[in-house]
Structure formats: structure tokens, C-alpha cells
Enquirer: 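My questions will all concern the structure given below.
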Amino acid sequence: MYILTGHNNHITVENQSGQHFQLNGELVRGGFIADPTSIRNWHKADELTPIPQPEKDEIMAQIMQQTIHSPFKILFSEPGI
């Protein structure tokens with residue numbers, strides 16, 4: 001479970017350890033279309049921790065699952081679109 005805080009062009013994703021990153025994208029009616037390439041590093045204080053691809057895939061799956069029954073859904077764009 002992630003804490004998701006929305007803004008116009010990004011969502012801040014925070015994990016249970018207090019690490020966070022900004023998920024860039026576009027606000028659309030009923031949700032947010034996120035750019036998967038914006039998942040790069042966890043930030044906490046002055047520390048940067050790279051996010052490996054398997055964890056990125058898991059983060060995207062969990063965020064979509066977490067919002068699937070919400071009136072505000074977060075989906076990820078396909079690369080190159």
C-alpha cells in the first residue's frame with residue numbers, strides 16, 4: 001500500500017519506509033495517466049536509492065490495483081505513446 005498525493009502534473013508516491021518519488025503524468029477525467037519512465041529513485045532525506053526494473057513493475061501493478069475500484073484511477077502509459 002502506497003500513500004498517493006496528487007498534483008496537476010505529478011503524484012507523489014510514498015512507501016511505508018517514508019521513501020518517495022514523483023510520478024509524472026497527466027491529469028485526465030477520472031484519473032491520472034502516469035509516465036512509467038518517471039519511476040527512477042526512492043528519495044529519503046539526502047539519500048537516493050535506485051529502483052530496479054522488477055520493483056518498478058511491482059510498483060506499477062500495486063498502484064493500479066490500489067486504485068482499480070476508485071473513481072480516480074491511476075493508469076500507466078505505454079512506452080513511446
Enquirer: What is the distance from atom CD1 of I51 to atom CG of N15, rounded to the nearest 0.5 Å?
Expert: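 Rounded to the nearest 0.5 Å, the CD1-CG separation comes out at 8.5 Å.
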Enquirer: Name all residues meeting the side chain to side chain contact (heavy atoms under 4.5 Å, CB included) criterion together with K44; count only those two or more places apart in sequence or in a different chain, and write none if there are none.
Expert: Q19
Enquirer: Among the clusters formed by ILVMFWY side chains lying less than 4.5 Å apart, do F72 and M1 turn up in the same one?
Expert: no
Enquirer: For the atom pair CG (L75) and CE (M64), what is the distance rounded to the nearest 0.5 Å?
Expert: 7.0 Å
Enquirer: Answer yes or no: are there more than 12 heavy-atom neighbours, outside Q16 itself, under 6.0 Å from its atom CD?
Expert: no
Enquirer: Do R40 and L48 come close enough that some side-chain heavy atom pair is under 4.5 Å?
Expert: no
Enquirer: Does F21 have any ring-ring contact (aromatic ring centres under 6.0 Å, His included) partners at least two apart in sequence or in another chain, and if so, which?
Expert: W42
Enquirer: My understanding is that only residues two or more places apart in sequence, or in another chain, count here; which of them pass side chain to side chain donor-acceptor pair (under 3.5 Å) with N41?
Expert: none
Enquirer: NZ of K56 to OG1 of T37: how many Å apart, nearest 0.5 Å?
Expert: 8.5 Å
Enquirer: List the residues meeting side chain to side chain contact (heavy atoms under 4.5 Å, CB included) with E58, not counting sequence neighbours, and say none if there are none.
Expert: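 Checked E58 against side chain to side chain contact (heavy atoms under 4.5 Å, CB included); matches are Q62.
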Enquirer: Is it true that a side-chain atom of Q66 and a backbone atom of Y2 form a donor plus acceptor pair closer than 3.5 Å?
Expert: yes
Enquirer: Indicate yes or no: at least one non-hydrogen side-chain atom of F32 is less than 4.5 angstrom from one of E26.
Expert: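 Side chain of F32 against side chain of E26, heavy atoms only: no contact under 4.5 Å found.
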Enquirer: Sequence neighbours excluded, which residues qualify as side chain to side chain contact (heavy atoms under 4.5 Å, CB included) partners of T5?
Expert: I3, H7, T12
Enquirer: Measure the CG-CG distance between D35 and N9 for me, rounded to the nearest 0.5 Å.
Expert: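 Atom-to-atom, D35:CG and N9:CG are 11.5 Å apart.
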Enquirer: State, with a plain yes or no, whether a side-chain heavy atom of P36 is found less than 4.5 Å away from one of M60.
Expert: yes
Enquirer: Of the non-hydrogen atoms in K73 and T67, which two are nearest, and what is the gap between them?
Expert: CG-O, 3.5 Å
Enquirer: Enter the distance from S38:OG to L23:CG here, rounded to the nearest 0.5 Å.
Expert: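 CG of L23 is found 4.5 Å from OG of S38.
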Enquirer: Say you draw a straight line from NE2 of H20 to NE2 of H43; how long is it, rounded to the nearest 0.5 Å?
Expert: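 One finds 6.0 Å between NE2 of H20 and NE2 of H43.
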Enquirer: Q65: which residues meet the side chain to side chain contact (heavy atoms under 4.5 Å, CB included) condition with it, sequence neighbours left out?
Expert: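 For Q65 the side chain to side chain contact (heavy atoms under 4.5 Å, CB included) partners, ignoring immediate neighbours, are I68.
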